[in-house]
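Note sheet for the following structure.
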Amino acid sequence: MRRVTIYDSMSRSARVFAPLEPPRVGLFVCGLTPYDEAHIGHARTFVFFDVVARAMTRWGYRVFSVQNVTNLDDKIIDRAAETGEDPLALAEGYFLSWRAASERLGIHSVNYFPHATDYIGEILRQTELLIERGHAYASAGSVYYNLSKFPAYGALSGQRTEALRPGARVEVDPAKRAPEDFVIWKAATPGEPSWDSPWGPGRPGWHIEDTAITLRLFGPRYDLHGGGLDLIFPHHESEIALAEATTGESPLVNYWMHGGLLNMGGEKMSKSLGNVYSLTTALDEFGPMVLRFFYLNAYYRSPLEFVRDKSLEEAREAYDRLALPANRIAEIVERDGPDRAGTELPEALAADADALVERLDATLAEDFNTRESIALLFGWTRRLAELLGELASFSGDALATLRAPYDWGTETLGLFVREPTGRAGAWEKVVPIALAARARARARGDFAEADRIRDELAAAGIRLEDHASGTRWEFREPS
RNA sequence: GCCGAGGUGGCAGAAUGGUUAAUGCGACGGACUGCAGAUCCGUUUCCUGGGGGUUCGAUUCCCUCCCUCGGCUCCA
């Protein structure tokens with residue numbers, strides 16, 4: 001297992017990672033509240049934790065990755081009331097939509113997506129235990145966490161409860177003993193989904209959903225907890241209070257990892273601000289590779305600025321150039337197979353490829369520095385630039401060596417995955433017909449006709465490039 | 001107000017107690033091309049929020065101030 005350092009939000013420092021039970025690693029990431037379509041801000045966080053899981057797996061850890069689904073909360077209920085749908089059905093619809101988008105994005109590392117409502121039994125058990133131990137109290141059909149009994153509250157966020165501004169954004173619930181107490185079990189209002197409990201019909205509060213899930217799946221302590229920076233307070237802080245009061249064990253989480261937010265117009269991208277860009281739209285327009293590249297081209301903890309009509313266009317230019325040698329090699333190998341004959345690599349070049357892969361691992365192992373890894377990969381693309389014309393002369397083995405750094409990028413960053421053919425299959429046959437007609441026109445010097453064909457193809461989303469070896473084409477929406 | 005995260009070239013963004021502060025985008029020049037695009041080569045040596053301090057040396061460590069963003073009880 002490779003030595004990995006992780007910036008831990010709790011200690012506010014980079015620490016060498018040591019799993020509780022090597023090589024096993026428990027990773028819990030706070031997932032979505034599916035009350036609407038996901039936007040590209042959400043996906044930043046999940047792509048990053050996908051890289052964490054991919055990289056750790058490569059380095060010999062056995063990662064069990066869990067992403068919860070808050071499939072019932074106020075926003076979902078409100079939304080369902082608007083549309084007349086059943087709240088749980090509405091949530092499941094948006095969850096499945098998110099699953100589809102995240103699959104397209106290449107997020108395949110999540111082992112399990114537990115839904116909060118599948119853990120009601122665990123939640124009730126934990127709530128009762130907390131009341132028994134004096135850490136929670138029932139009031140008006142709800143159950144609240146008694147913060148005065150948990151002095152360690154605030155360690156993660158640095159917040160002191162006496163300095164908070166109760167009601168700054170959310171109204172204070174009069175049933176609470178103290179305004180900083182948070183709800184564990186919420187009394188049902190008529191018409192919303194509810195479960196029977198010793199305190200009457202109700203539904204779980206947000207924070208306990210996660211601790212119920214992790215206590216059951218990971219036990220009282222586990223390795224990694226991730227999520228967006230905006231969840232530190234109160235959500236993660238409250239998870240600690242709930243779990244540690246329930247189990248008596250500490251710390252709940254060994255390493256807290258928080259991803260920076262995606263900003264648009266200098267502000268957090270969020271539904272309530274209205275500055276959202278849908279994930280599905282982004283995937284349709286730019287494809288998964290460009291999006292992943294855009295996210296991973298920055299350190300995960302820093303805020304990242306998304307500029308409409310600029311950021312992803314820029315990322316596409318950069319990614320296309322970065323991936324060019326990888327794609328050319330893939331084309332040759334797809335055509336001739338991995339055992340194709342050809343010249344071998346100069347020894348120095350082969351050694352450099354090996355050394356680069358080691359450097360890439362070492363770089364990424366320092367708190368998942370994806371940006372620096374990409375910079376190194378650009379170095380390799382520059383190195384291969386002069387070989388682009390003669391790639392076809394190399395043997396299959398030689399090409400595999402040249403491709404190794406890109407394969408590393410596929411394994412860890414999820415980049416350099418070529419678009420699946422699918423519908424593109426038909427185009428593969430049709431476009432060459434038009435290209436042949438254009439080639440004949442060019443051969444007889446009828447450039448007006450040649451340009452007409454090129455323009456019409458461009459308007460249809462097929463872009464051409466003429467090369468000495470022939471005409472290359474690709475899908476590219478006209479700009 | 002309190003807590004937290006950030007302030008680096010035209011833009012996006014790394015890194016480091018020490019030669020010209022990475023990488024990319026963009027821009028400019030050249031090669032290639034019927035043209036265009038793509039690609040390749042070269043240039044973009046005047047960029048580390050302000051002020052103090054520690055040090056032979058600070059963008060990096062410490063203090064302070066300013067600015068931006070996030071959170072302050074169900075937001076990735």
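The sequence lines fix the lettering, A, B, ..., with proteins before strands; numbering per chain opens at 1.
- Heavy atoms of A:G259 sit nowhere under 4.0 angstrom from any nucleic acid atom.
- Using a cutoff of 4.0 Å between basic side-chain nitrogens and carboxylate oxygens, A:E313 and A:R316 are not scored as salt-bridged.
- Salt-bridge annotation for A:D73 and A:R79: absent, with no side-chain N of the basic residue lying under 4.0 Å from a carboxylate O of the acidic one.
- With A:R104 contributing its side chain and A:P288 its backbone, the two residues share no donor-acceptor pair below 3.5 Å.
- Looking at heavy-atom distances under 4.0 Å, A:I232 makes no contact with the nucleic acid at all.
- Atom CG of A:L156 is separated from atom P of B:C72 by 14 Å (rounded to the nearest Å).
- Under a 4.0 Å N-O distance rule, the pair A:K75/A:D78 does not qualify as a salt bridge.
- Taking 4.0 angstrom as the limit, A:R382 places a side-chain polar atom (N or O) nearer than this to OP1 or OP2 of B:G24.
- Near RNA chain B, defined here as any heavy-atom distance below 4.0 Å, the residues from residues 292-304 of chain A are A:N297, A:A298, A:Y299, A:R301, A:S302, A:P303, A:L304, listed numerically.
- Between the P atoms of B:A15 and B:G7, the separation comes to 10 Å (whole Å).
- A:R321 has a side-chain polar atom (N or O) that falls below the 4.0 Å cut-off from OP1 or OP2 of B:C25.
- Residues of residues 236-245 of chain A having a heavy atom closer than 4.0 Å to RNA chain B: none are found.
- Looking at heavy-atom distances under 4.0 Å, A:V183 makes contact with a base.
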**Request:** With pairs defined as Watson-Crick or G-U wobble and both distances under 3.5 angstrom, please note down RNA chain B as a dot-bracket string, | for pairing with another strand.
**Result:** (((((((..(((.....[....)))((((((.......))))))....(((((..]....))))))))))))....
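- Ionic pairing of A:E456 and A:R452 is present here: one or more N-O contacts between side-chain nitrogen and carboxylate oxygen are shorter than 4.0 angstrom.
- In this structure, A:L229 atom CG and B:A76 atom P are separated by 14 Å, rounded to whole Å.
- Residue-to-nucleotide contacts include no donor-acceptor pair under 3.5 Å from the side chain of A:D466 to the base of B:G34.
- Note on A:K75: only backbone sugar-phosphate atoms sit closer than 4.0 angstrom, heavy atoms only; bases stay farther off.
- Remark: the A:K268 side chain and the B:C75 base include a donor-acceptor N/O pair separated by less than 3.5 Å.
- The residues A:R301 and A:D367 are annotated as not salt-bridged, no charged nitrogen and carboxylate oxygen being separated by less than 4.0 angstrom.
- Going from atom CD of A:E317 over to atom C1' of B:G24 covers 11 Å, rounded to whole Å.
- Note on A:I208: nothing from the nucleic acid sits closer than 4.0 angstrom, heavy atoms only.
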